[in-house]
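We count ligands from 1, going down the list as the structure has it; atoms in each ligand are counted the same way.
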Amino acid sequence: MAAGKGTRMHSSMPKVLQQLGDRALVQHVIDTAQVLAARNTVVITGHGAEQVEAALTGQPGLRFVRQMPQLGTGHALQQAAPALPPDGITVVLSGDVPLTKPDTLQALIDATQGERMALLTLKMADPSGYGRIVRQADGSVQAIVEHKDASDEQRRIREIYSGIMAVPTQLLLPWLQRLRNDNAQQEYYLTDVVKFAVADGHTVVAQVLTDPVQVAGVNTPVQLAELERAHQQRLALALMTQGVRLRDPARLDVRGQLTCDRDVEIDVNCVFEGQVHLGEGVRIGPNCVLANVTVQAGAVLQAFTWIEGGETGVSVGPRTTIGPFARLRPGARLGAEVHVGNFVEIKNSTLADGAKANHLAYLGDATVGERVNYGAGSITANYDGANKHRTVIEADVHVGSNCVLVAPVTLGAGGTIAGGSTISKNTEPGALTVARGKQVSIPNWKRPTKRQG
Ligand code: UD1
Ligand code: CA
């Protein structure tokens with residue numbers, strides 16, 4: 001059911017489309033139905049129907065039914081009735097209750113034994129507003145009485161109906177036809193089917209849940225944030241159970257799929273989006289944002305590293321170090337033992353093993369060879385205002401500080417580019433190239449080597 005209004009979100013977006021983790025609220029519910037291998041998933045839309053249907057369209061096994069106007073939960077199910085195969089079991093879920101575990105629902109389905117109605121219930125310290133579970137002397141359920149229709153005595157009952165039920169469809173269909181709206185809210189209450197079940201001599205069982213998060217709905221931004229934390233807590237727990245060390249599980253946000261090999265450590269306030277894989281022994285410093293990236297074994301990402309892999313992705317090779325304050329954009333491919341330091345931006349570029357760009361630099365559309373040293377303040381001028389061009393920096397080149405490499409250009413292997421040069425023509429391997437006004441190459445020039453001792 002996803003037809004309700006949700007005005008207290010103060011949002012132009014339908015409530016069920018608000019994001020929790022990496023998905024809309026209603027998507028969590030649909031995904032749970034998928035885990036249960038639901039034969040048929042029917043989404044009842046009403047308020048914001050077009051937006052909800054557009055957001056969910058194209059998913060296999062999903063059908064939409066519109067409820068216009070919204071005359072209650074029973075009325076909602078009446079609209080869905082023609083779409084329900086009569087030989088199945090109908091499980092009623094709410095589009096704004098995202099964190100129900102598949103195991104809980106499977107247990108509820110099992111409790112029907114294929115022939116009786118089963119309700120998911122919860123004992124609450126403050127049950128006001130909810131439908132109360134009225135039980136018979138033998139403990140079986142007699143009725144659900146909505147708060148507004150309940151007597152004072154019934155209002156003292158702390159067991160409430162969670163909004164989730166499982167019921168054999170061939171029993172449900174005729175009961176839906178018997179619903180009336182002669183109640184306090186003049187709505188067709190789905191909960192009235194319990195009365196019909198009991199009147200027809202059917203047992204109604206209740207499964208009492210102890211974990212309220214599983215049936216918690218979202219009506220306000222505060223509740224949305226609470227469930228986001230609960231969701232993140234589950235993800236953090238799963239990671240720690242696999243052996244990932246989180247400095248503080250309360251300060252982690254996973255909005256996608258994060259997979260980790262052995263011995264991974266993640267500091268506080270990191271956000272993971274899309275598909276992220278961290279290899280063995282990887283260290284992630286505080287305040288990193290990682291989206292669509294593969295990080296290989298032993299790599300270290302220092303504080304405030306920002307990686308946005310986008311559709312092409314980013315890869316970080318083994319034992320490579322990045323940051324603090326580095327930015328990797330789509331198509332950055334770093335080999336083994338690469339060093340990317342502070343305020344370095346890399347886009348659509350390959351850095352071979354041992355290459356270094358340690359400070360304040362830009363590499364865009366570049367192929368950088370092994371052991372290249374790329375100086376502070378240097379940039380690739382990869383865009384001429386209309387097209388992008390490649391810069392090739394062959395192995396062992398040293399690019400001094402404040403160089404502008406005007407693409408397309410190739411810097412020959414082992415060469416040195418003097419600081420402050422603007423290079424717009426290819427350079428000779430092994431040469432020292434100086435370009436201030438005019439580009440001059442000095443062949444057979446020897447780069448100074450480190451003094452011994
Ligand atoms: C309902 C139950 C109540 C239970 C509570 C748990 C009824 C009559 N009452 O209360 O016993 O304790 O849930 O949260 O069922 N919806 C529609 N169409 C409608 C009305 C509602 O699709 O015409 C959907 C809503 O979008 C929501 C769900 O049904 O996803 C529940 O509706 P809501 O108004 O939140 O529940 P209550 O009626 O207050
Ligand atoms: Ca209502």
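Side-chain contact annotation: His277 with Thr259, donor-acceptor N/O pair under 3.5 Å present. Side-chain contact, Thr294 with Ser315: no donor N or O sits under 3.5 Å from an acceptor N or O.
Side-chain contact between Leu278 and Leu290 is present, with heavy atoms from C-beta onward closer than 4.5 Å. The closest side-chain heavy-atom distance from Lys347 to Lys388 is below 4.5 Å.
Residue Thr191 approaches ligand 1 through these ligand atoms, each under 4.0 Å from one of its heavy atoms: 7 (C), 8 (C), 9 (N), 11 (O), 15 (O). Distances below 4.0 Å separate heavy atoms of Tyr189 from the following atoms of ligand 1: 8 (C). Those atoms of ligand 1 with a heavy atom of Asp96 less than 4.0 angstrom away are 30 (O).
For Gly129, no nitrogen or oxygen atom sits less than 3.5 Å from a nitrogen or oxygen atom of ligand 1, counting backbone and side chain alike. Inclusion of Ile44 in the set of residues having an N or O under 3.5 Å from an N or O of ligand 1 is not warranted. At a 3.5 angstrom cut-off on N or O pairs, Glu187 does not count as close to ligand 1. Checked by distance only, ligand 1 and Tyr130 stay at 3.5 Å or farther apart across all their nitrogen or oxygen atoms. Checking only distances, Gly4 does come within under 3.5 Å of ligand 1, N or O to N or O. At under 3.5 Å, a nitrogen or oxygen of Tyr161, whether backbone or side chain, sits near a nitrogen or oxygen of ligand 1. Checked against a 3.5 angstrom limit, the closest N/O atoms of Met1 and ligand 1 fall inside it. The distance criterion of under 3.5 Å between nitrogen or oxygen atoms is met by Gly72 with respect to ligand 1.
In this structure a side-chain-to-backbone donor-acceptor pair under 3.5 Å is missing from Gln142 to Lys195. Under a 3.5 Å cut-off, the side chain of Gln34 and the backbone N or O of Ile30 do not form any donor-acceptor pair.
Closest heavy-atom approach to atom 6 (C) of ligand 1 within the set Gly46, Ser162, Ala80: this belongs to Ser162. Between atom 10 (O) of ligand 1 and the options Gln70, Met68, Glu146, the minimum heavy-atom separation is to Glu146. Looking at Ser94, Gly131, Ala216, it is Ser94 that brings a heavy atom closest to atom 28 (C) of ligand 1.
The only member of Leu239, Val293, Ile266, Val289 that meets side-chain contact (heavy atoms from CB on, under 4.5 Å) when paired with Phe272 is Ile266.
Aromatic ring pairs are classed by plane angle as parallel below 30°, tilted from 30° to 60° and perpendicular above 60°; the pair His28 and His231 is perpendicular. The aromatic rings of Trp175 and His202 sit perpendicular to each other, their planes meeting at more than 60°, with 30° as the lower class boundary.
Neither the backbone nor the side chain of His75 comes within 4.0 Å of ligand 1, counting heavy atoms alone.
Salt-bridge check for Arg66 with Glu50: passed, with a basic side-chain N closer than 4.0 Å to an acidic carboxylate O.
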